[in-house]
**Student:** 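Handing you this structure, nothing more for now.
Just so you know, these numbers use all the heavy atoms, side chains as well, and skip hydrogens, waters and symmetry mates. Here, residue 1 is the first one in the sequence, and each next residue gets the next number.
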Amino acid sequence: MPRYHSLGEIPHKRHITFNNPKGGLYQEELFGTAGFAGMSSLIYHLYPPTVVSEIKRGKDIAPKIAIDKNMRAMSFQGFSLPKEEEYLESRKILFTNNDLRIGLAAPASFSKDYFYRNSDADEMLFIHIGSGVLKTMYGDISFKYGDYLIIPRGTTYQIDFDTETNRILFIESSSAIESPKRYRNNYGQFLEHSPFCERDFRLPQNLKTHDEKGEFKIISKKQDVLWEYTYANHPFDVVGWDGFNYPFAFSIFDFEPITGRIHLPPPIHQQWEAAGFVVCSFVPRLYDYHPQAVPAPYHHSNIDSEELLYYVDGDFMSRNNIQKGQITLHPGGIPHGPHPGAIERSVGKKATEELAVMIDPFNPVMITEEAMNLQVDDYYKSWEIK
Ligand SMILES: [Fe+2]
């Protein structure tokens, strides 16, 4: 997050003594990215964050690939993914390439027996159903339906879910997930024509310092292995921090749509960007207002990117028979477009209630066995007029 934030107590200069009134010094940690050149935060712990008593190599969770090369338009019923008791077990990768992984999760709970840390990737969690609190050493972030949670790699977290019914679309990104640079000025501030601004981002709050010793398990995902670390101190033993690298939330309902007299292309919906993909938010909005405007999108060839659309709510104007939680995958290299009748149906319409998240990977994605369990048969034939 390219914006300075601070919670709790910090010394007046970095890298100087910071006395713990109970004796000794607080322990400073630089939580940085891209070597020492990326975003970072300075964190002050009660105890060193390095006191490990055991490291076990746990489960190998590399996704099993069903289709490595795909040129078919495909679709998947996300809500057919069975609910699982536990958060980590519930995370199922559906699509993968070197830049990102895209998955779904339907957890009933997040066990308090462990903390989770994704050391491979930055995470985006999109909350389709559910609410709760994301808990990290930076503080808490409350979340609910429609929220994106962006969690930088290496962030140790737990989630308190309010209920046992939760559905999450998630991305694991090999690079930082950021708001589009074209919406920010040289100082990082959002420009006036950006569909969102600083006020729309929800940062960690309520920093609580856990002064607890014992055995604390952190499950750390690295190279598709879940490593089990046992630490002697509670990982949220932080008295204060400041910097630019921390988790945050953004509600899709705070995305202010950009509209025009004639159809505007998907970049107006752009929400996030990373190396190798973008994410767009399609939100309820007024349609194009030229008297002869065709609000439905034109047929288009996304020659050099895949296009994955995750349907959240409302009627999606360009598709027929789409369910909540359904995903369409339109591979790069071939044209796709509205279903039969959708263009004609859209003419004269004034507004849409559609809500969807689009993920465009620039490199082809492989499709996993978990995805194939959710596949809609013969979706690629769905443009045939019968
Ligand atoms: Fe498209």
**Student:** Could you verify whether a donor N or O on one side chain and an acceptor N or O on the other, from Ser281 and Gln271, lie under 3.5 Å apart?
**Tutor:** yes
**Student:** I'd like to know whether NZ of Lys112 has more than 12 heavy-atom contacts from other residues, nucleotides or ligands below 6.0 angstrom.
**Tutor:**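 Result for NZ/Lys112: enclosed.
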**Student:** Given Trp241 and Tyr138, is the ring pair (Phe, Tyr, Trp, His ring centres under 6.0 Å) satisfied, shown in steps?
**Tutor:** CA-CA 7 Å; Trp241 64 271; Tyr138 297 98; 4.9 Å; yes
**Student:** For Asn233 versus Pro48, what's the shortest heavy-atom pair and its separation?
**Tutor:** ND2-O, 3.8 Å
**Student:** Would you compute the distance between atom OH of Tyr229 and atom OG1 of Thr156 and round it to the nearest 0.5 angstrom?
**Tutor:** 11.0 Å
**Student:** Can a donor-acceptor pair be found between the side chains of His330 and Glu306 at a distance below 3.5 Å?
**Tutor:** no
**Student:** Kindly check if the number of other-residue, nucleotide or ligand heavy atoms within 6.0 Å of CG (Leu30) is above 12?
**Tutor:**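 For Leu30, atom CG is crowded (more than 12 foreign heavy atoms under 6.0 Å).
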**Student:** Test salt bridge (charged side-chain N to carboxylate O under 4.0 Å, His left out) on Asp313 and Lys324 and set out the steps.
**Tutor:** CA-CA 6 Å; Asp313 204 356; Lys324 287 183 186 182; 3.5 Å; yes
**Student:** Quick one: do Leu149 and Met137 end up in the same hydrophobic cluster if we chain Ile, Leu, Val, Met, Phe, Trp and Tyr together by side-chain heavy atoms under 4.5 Å apart?
**Tutor:** no
**Student:** If you look at every heavy atom in Leu207 and Gly139, which pair is closest and at what distance?
**Tutor:**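 Smallest heavy-atom distance, with atoms named: CD1-N, 4.0 Å.
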**Student:** Are the aromatic rings of Phe253 and Tyr145 close, with centres under 6.0 Å apart?
**Tutor:**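 Yes, the ring centres sit under 6.0 Å apart.
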**Student:** For Pro204 and Pro247, which heavy atoms make the closest approach, and how far apart are they?
**Tutor:** CD-O, 3.2 Å
**Student:** Calculate, to the nearest 0.5 Å, the distance between atoms CE and NE2 belonging to Met358 and His269 respectively.
**Tutor:**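 Atom-to-atom, Met358:CE and His269:NE2 are 7.5 Å apart.
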**Student:** Can you find a heavy atom in the side chain of Trp227 that is under 4.5 Å from one in the side chain of Arg57?
**Tutor:** yes
**Student:** Taking the six-membered ring for Trp, are Trp383 and His336 ring centroids under 6.0 Å apart?
**Tutor:** no
**Student:** Is it the case that Ser75 and Gln326 place a side-chain donor and acceptor less than 3.5 Å from each other?
**Tutor:**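 Looking only at side-chain atoms, Gln326 and Ser75 do form a donor-acceptor pair, the distance falling under 3.5 Å.
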**Student:** Same cluster for Val279 and Leu100 if Ile/Leu/Val/Met/Phe/Trp/Tyr side chains link at under 4.5 Å?
**Tutor:**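 Yes; Leu100 is reachable from Val279 via cluster members.
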**Student:** Apply side chain to side chain donor-acceptor pair (under 3.5 Å) to the pair Arg184 and Ser179, showing each step before the final yes or no.
**Tutor:** CA-CA 8 Å; Arg184 288 186 266 128; Ser179 49; 3.2 Å; yes
**Student:** Indicate whether any N or O donor in one side chain lies under 3.5 Å from an N or O acceptor in the other, for Glu123 and Asn118.
**Tutor:** yes
**Student:** Can you find a pair of side-chain heavy atoms, one from Phe110 and one from Tyr116, that are under 4.5 Å apart?
**Tutor:** yes
**Student:** Can Tyr26 and Thr17 be said to form a side-chain contact (heavy atoms from CB on, under 4.5 Å), step by step?
**Tutor:** CA-CA 8 Å; Tyr26 289 126; Thr17 56; over 6 Å; no
**Student:** Return yes if a side-chain donor-acceptor contact under 3.5 Å exists between Gln189 and Arg3, otherwise no.
**Tutor:**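 No, because no side-chain N or O of Gln189 sits under 3.5 Å from a partner of the opposite role on Arg3.
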**Student:** Could you please spell out the steps behind the ring pair (Phe, Tyr, Trp, His ring centres under 6.0 Å) verdict for Tyr231 and Tyr47?
**Tutor:** CA-CA 11 Å; Tyr231 281 89; Tyr47 306 106; over 10 Å; no
**Student:** Got Glu353 and Leu355 here, is their nearest side-chain heavy-atom distance under 4.5 Å?
**Tutor:** no
**Student:** Within the 3.5 Å criterion, strictly below it, is a donor on Ser131 or Asp162 matched to an acceptor on the partner's side chain?
**Tutor:** yes
**Student:** Counting N and O atoms only, with roles assigned by atom type, does the side chain of Ser40 sit under 3.5 Å from a partner on the main chain of Gly32, one being a donor and the other an acceptor?
**Tutor:** no
**Student:** Could you verify whether a donor N or O on one side chain and an acceptor N or O on the other, from Tyr4 and Asp242, lie under 3.5 Å apart?
**Tutor:**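 The criterion, which ignores hydrogens and geometry beyond distance, is satisfied for Asp242 and Tyr4.
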**Student:** Determine, stepwise, if the pair Asp304 / Asn302 fulfils side-chain contact (heavy atoms from CB on, under 4.5 Å).
**Tutor:** CA-CA 6 Å; Asp304 45 16; Asn302 43 313; over 6 Å; no
**Student:** Are His263 and Tyr287 close enough that their ring centres sit under 6.0 Å apart?
**Tutor:**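 Distance test on ring centres: not under 6.0 Å, no.
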**Student:** Can you give me the closest heavy-atom contact between Phe282 and Arg285, atom names plus distance?
**Tutor:**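 Heavy atoms only, the tightest pair is CD2-NH2, 4.2 Å.
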**Student:** Does a donor on one side chain and an acceptor on the other come within less than 3.5 Å for Glu273 and Tyr183?
**Tutor:**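 Looking only at side-chain atoms, Tyr183 and Glu273 do not form any donor-acceptor pair under 3.5 Å.
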**Student:** Do other residues, nucleotides or ligands put more than 12 heavy atoms under 6.0 Å from Lys59 NZ?
**Tutor:**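 Atom NZ in Lys59 is not packed in, count stays at 12 or less.
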**Student:** Quiz question: by atom type and distance under 3.5 Å, do the side chains of Asn166 and Tyr87 form a donor-acceptor pair?
**Tutor:** no
**Student:** Would you mind telling me which of Asp99, Leu329, Leu308 makes a side chain to side chain contact (heavy atoms under 4.5 Å, CB included) with Pro361?
**Tutor:** Leu308
**Student:** Sequence neighbours excluded, which residues qualify as side chain to side chain contact (heavy atoms under 4.5 Å, CB included) partners of His210?
**Tutor:**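 In terms of side chain to side chain contact (heavy atoms under 4.5 Å, CB included), with neighbours along the sequence ignored, His210 is linked to Lys208, Glu212, His234, Phe236.
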**Student:** So, for Ala176 and Asp122, which heavy atoms are closest and what is the spacing to 0.1 Å?
**Tutor:**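 The answer is CA-OD2, 3.5 Å.
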**Student:** With a 3.5 Å cut-off and no angle check, do the side chains of Thr155 and Arg117 form a donor-acceptor pair?
**Tutor:** no
**Student:** Taking all non-hydrogen atoms of both residues, which atom of Ala274 and which atom of Ser175 are closest, and how far apart?
**Tutor:** CB-OG, 3.5 Å
**Student:** Please find out if less than 6.0 Å separates the ring center of Phe18 from that of Tyr44.
**Tutor:**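 For Phe18 and Tyr44, the ring centres are under 6.0 Å apart.
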**Student:** Does any non-hydrogen side-chain atom of Leu25 lie less than 4.5 Å from one of Asn20?
**Tutor:**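 The answer is no; the side chains never approach within 4.5 Å.
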**Student:** Do the ring planes of Tyr148 and Phe250 sit parallel (below 30°), tilted (30 to 60°) or perpendicular (above 60°)?
**Tutor:** tilted
**Student:** Compute the centroid of each ring, for Phe190 and then for Phe196, and state whether the two points are separated by less than 6.0 Å.
**Tutor:**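 Phe190 vs Phe196: aromatic centres under 6.0 Å.
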**Student:** Is the shortest heavy-atom distance from the side chain of Phe95 to the side chain of Ile327 under 4.5 Å?
**Tutor:** yes
**Student:** Parallel, tilted or perpendicular: which one describes the rings of Phe216 and Phe115, with boundaries at 30° and 60°?
**Tutor:** tilted
**Student:** Looking at Lys217 and Asp113, is there a salt bridge between them, counting it only when a charged N and a carboxylate O are closer than 4.0 Å?
**Tutor:**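 Result for this pair is no, no salt bridge flagged.
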**Student:** So, Asn363 and Asn98: side-chain donor and acceptor under 3.5 Å apart, yes or no?
**Tutor:**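 On atom types as modelled, these side chains do not qualify, holding no pair under 3.5 Å.
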**Student:** Can you find a pair of side-chain heavy atoms, one from Leu104 and one from Lys92, that are under 4.5 Å apart?
**Tutor:**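 When only atoms from C-beta onward are counted, Lys92 and Leu104 do not touch, as no gap falls below 4.5 Å.
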**Student:** Taking the side chain as everything from C-beta on, heavy atoms only, tell me whether Ile367 gets closer than 4.5 Å to Ile65.
**Tutor:** no
**Student:** Working note: Phe31 + Leu42, criterion side-chain contact (heavy atoms from CB on, under 4.5 Å); need CA distance, chi angles, decisive distance, verdict.
**Tutor:** CA-CA 6 Å; Phe31 190 83; Leu42 275 172; over 6 Å; no
**Student:** Step through it carefully: locate the ring centre of Tyr311, locate the ring centre of His128, and say whether they are under 6.0 Å apart.
**Tutor:**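 Not under 6.0 Å, so no.
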**Student:** After noting the C-alpha distance and the side-chain angles of Arg101 and Asp224, does the key distance pass the salt bridge (charged side-chain N to carboxylate O under 4.0 Å, His left out) rule?
**Tutor:** CA-CA 12 Å; Arg101 286 171 175 185; Asp224 284 328; 2.5 Å; yes
**Student:** Taking Lys221 first and then Glu172, would you say they form a salt bridge - that is, a charged N and a carboxylate O separated by under 4.0 Å?
**Tutor:**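 A salt bridge links Lys221 with Glu172.
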**Student:** Taking the side chain as C-beta and beyond, is there a heavy-atom pair between Pro364 and Lys69 under 4.5 Å?
**Tutor:**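 With C-beta onward as the side chain, the pair stays apart.
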**Student:** side-chain contact (heavy atoms from CB on, under 4.5 Å) for His339 and Ser382? Distances and angles first, verdict last.
**Tutor:** CA-CA 7 Å; His339 272 144; Ser382 62; 2.7 Å; yes
**Student:** For Arg261, is the CZ atom crowded, meaning more than 12 foreign heavy atoms sit under 6.0 Å from it?
**Tutor:** yes
